[in-house]
Peer 1: 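Here it is, the structure in full.
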Amino acid sequence: MKNLSKSVCYLTIILLVVGCKNQTQNTTQNTTQNTTQNTIEYKIDSILKLMTIEEKVGQMNQYNGFWDVTGPSPKGGDAEKKYEHLRKGWVGSMLNVRGVENVKAVQKIVVEESRLGIPLIIGFDVIHGYKTTSPIPLAEAASWDLEAIKNSARIAAIEASASGINWTFAPMVDISRDARWGRVMEGAGEDPFLGSKIAEARVKGFQGDDLSAPNTVAACTKHFAGYGFSEAGRDYNTVDVGTSTLYNIILPPFKATVDAGARTFMNSFNELNGIPATGNSFLQRDILKGKWKFDGFVVSDWNSIGEMVVWGHAKDKKDAAKIAITAGADMDMEAHAYIKELATLVKNGDVDQDLLDDAVRRILRVKFELGLFDNPYKYCDEAREKEAIGNPKHHEAVLDMAKKSIVLLKNENNLLPLKKEGQKIALIGALAADKNSPLGSWRIAAENNSAVSVLEGMQQYTGNKLVYKKGADVTIGESVFLYDAKINTTDKSGFNEAIIAAKKADIVVMVLGENGFQTGEARSRSNLNLPGVQQELLEEVYKVNKNIVLVLNNGRPLTITWANEHIPAIVEAWQLGTETGNAVAQVLYGDYNPSGKLPMSFPRNVGQVPIYYNYKNTGRPADIDGNVFWSHYTDVEKTPLYPFGYGLSYTTFKYDNLEMNNTSFSINDEIKISVDITNTGKYDGKEVAQLYIRDLIGSITRPVRELKGFELVDLKAGETKTVNFTLNKETLGFYNNTGEFIVEPGGFKVFVGGSSTAILEADFELK
Ligand code: BGC
């Protein structure tokens, strides 16, 4: 305690002195500049003056949690070194230290024992919930419900911040068109417009209105940039994208988070045009900090500074450190390159001191904004931790999010919703009883097996006779975070009893898909089938009972062409987090009418990948004269199995009366579009009405469709509502190949409907 008061006092005195000095120097100027931000900048100036080069580099150094910090002092290897560095003030941030007791312990070391006592910023991957887990981000994106998504991020921030964390490595905003890439589960899918809106909602949810409040956390937009285009969907692979795709598809969600106030960014593992993103000045300096005026800081991805050596871009770690700081990477996550090399590089004149000061200024700025200098322990309140983590209100919120994330893919003859009584139901599939997989792969803070399983959810509806049979395991042995899930490709010993149960049932509900650790980082797949023996199980059960409801649990689009041809009802239930089983049961029994729409196209087979709705027309889009020379496959249609934006409801919707306020507009006009939507079915329901445009002629060819608006509309059975959309120059323009946003006059088409294949259309001219 003595030391704590010493360092806090020391800092306070210096800050006051500098503040006073500035006041006397320029009183008039101060009156007008007396904003919080200016005060922060003055304080940073004064701290920078006190810091040695080593202490500055220390702020740029982030270490992973390393030992039981509340236990005895570390002994041996890395831990001892890290402990020493904390005491010297050579660590600015830690990740993966969580829980009030642990965070307090590390914070106490730097605050009480280091010379300047600058608090740590504590980072953690709060990707979809903390202990109470929400649906995987791709699933949340399927809700198209920005308020719900924002609220889900809010809940995650409340729990994480109560656990000592003040910085999340989210949102992940990588657009991807390739379902083989395991990390599609972490993003918002294939579309930059939807992706930008969701990215913005997530930042606002995490950061709230006041970053200094104890229950908000700094967001970190990642992975900057291009990571979602890893070649062939193989994680960490080369990225090779054209300029137009970079500016129009990849960058917009990143920009949206800067505009929404995201305080930090993470760079990425991939290279772009041969330069690793971590050492890429064009991305980090020219675009992010230059053009977009981002004044927060950039953290590297895990050892991505070190990996530049392996890429063959840097000679050694020293070279890598120089390249990374020059390119604008402010903080080194676990490469130990900055802490080892940067001070010498600066002292030898190989790296400009100003670069160091700029990076440290950015890091200190965020620490000030979080209020860490006012109280380094503000996220360390045991009582709040007890109250917040796993709070029943959070369960309600993630249940709400989970229901909204479900997409009804097929419902022939209205097999769904299930009747609530008088039926014999066979529930089949190992995932039906799985309480772990639904938590997805980013659930480090969740307790194992803490999700409500589909079996448990369905058991609450007691009017039917429910029999559960596993049929077959998806994986062999335990699947854990750090290792590949081993898929069961041989054991079919459970088939028989599943088939017997199916024979005796009126309806069979089969829960099939991917293990929670089969998607996520490093979990790329080369085929997108139902893994292991599940397809065979499905076909065997189908032979004895055709009344099957297939519930999919998965983290990416799957190729379910056979199921689409044969199975009457298909429900995409992703990995929905803690409340999975309750959400699925409520949807199956019709207590919630599904309203989700796909944020990624589902391919017919893996050979179609990458597949996405906003493709270019090509010069040969259709079979005009009956010969072979047009853009197609000879063995499969070129359309997806289910397109982007697609999803059914227990009711039906009709769109008509598409109207516009004019047919010819000048560039600054607002274009008003309205459409009538009628609920033509028997159930109340919610529709996600979508508006797409096509810019017919472009100096750079334009996609056949681009999402430019969407509205969630609640409609009672039989009700009609008029829905309004607005287009303007922001939505009609695009980036040219020098990154300039332009709007070109000419003809446009507008399409409105319930998916990217909407047929209701109108034309207008932009003059
Ligand atoms: C991932 C990041 C993550 C970081 C820290 C990396 O492997 O790519 O998304 O934030 O680890 O856990």
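Counting starts at 1 for both ligands and their atoms, following the listed order.
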Peer 1: Answer whether the closest heavy-atom distance between the side chains of E334 and Q62 falls below 4.5 Å.
Peer 2: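 E334 vs Q62: side chains apart.
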
Peer 1: Where's the contact between N96 and ligand 1, heavy-atom distance under 4.0 Å: side chain, backbone, both or neither?
Peer 2: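 For N96, there is no contact with ligand 1 at all, from either part.
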
Peer 1: Between W90 and Y63, is the gap from one ring center to the other below 6.0 Å?
Peer 2: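 For W90 and Y63, the ring centres are not under 6.0 Å apart.
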
Peer 1: Starting from atom 4 (C) of ligand 1, what is the nearest protein heavy atom, named by residue and atom, and what distance separates them?
Peer 2: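 Among all protein heavy atoms, the one nearest atom 4 (C) of ligand 1 is D301 OD1, 3.5 Å.
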
Peer 1: So is E186 polar-close to ligand 1, meaning N/O to N/O under 3.5 Å?
Peer 2: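 No - when backbone and side-chain N and O of E186 are compared with those of ligand 1, no distance drops under 3.5 Å.
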
Peer 1: Taking both backbone and side-chain atoms of W442, is any N or O found less than 3.5 Å from an N or O belonging to ligand 1?
Peer 2: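 Looking only at distances, the answer is no, because the N/O contact criterion of under 3.5 Å is not met.
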
Peer 1: Does M266 come within less than 4.0 Å of ligand 1, judged by its heavy atoms?
Peer 2: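 Judged by the 4.0 Å heavy-atom criterion, M266 does count as contacting ligand 1.
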
Peer 1: So, E84 and R87, do they make that salt bridge, N to O below 4.0 Å?
Peer 2: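 Yes.
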
Peer 1: Test: side chain to side chain donor-acceptor pair (under 3.5 Å). Region: residues 307-332. Which pairs qualify, not counting sequence neighbours?
Peer 2: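 Output for this query lists K289-D330.
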
Peer 1: Does ligand 1 have any atom that is closer than 4.0 Å to a heavy atom of M172?
Peer 2: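 M172 does not count as a contact of ligand 1 under the 4.0 Å cut-off.
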
Peer 1: Please work out, at 4.0 Å between heavy atoms, whether the side chain, the backbone, both, or neither of Q62 comes within that distance of ligand 1.
Peer 2: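 Near ligand 1, Q62 shows nothing, with every heavy atom at 4.0 Å or more.
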
Peer 1: Please table the atom pairs, donor to acceptor, closer than 3.5 Å between any side-chain atom in residues 478-487 and protein atoms at least two apart or in another chain.
Peer 2:
none

Peer 1: Pick out which of K404, R202, K150 makes a salt bridge (Lys or Arg N to Asp or Glu O under 4.0 Å) with E140.
Peer 2: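 Single pass found, and it is R202.
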
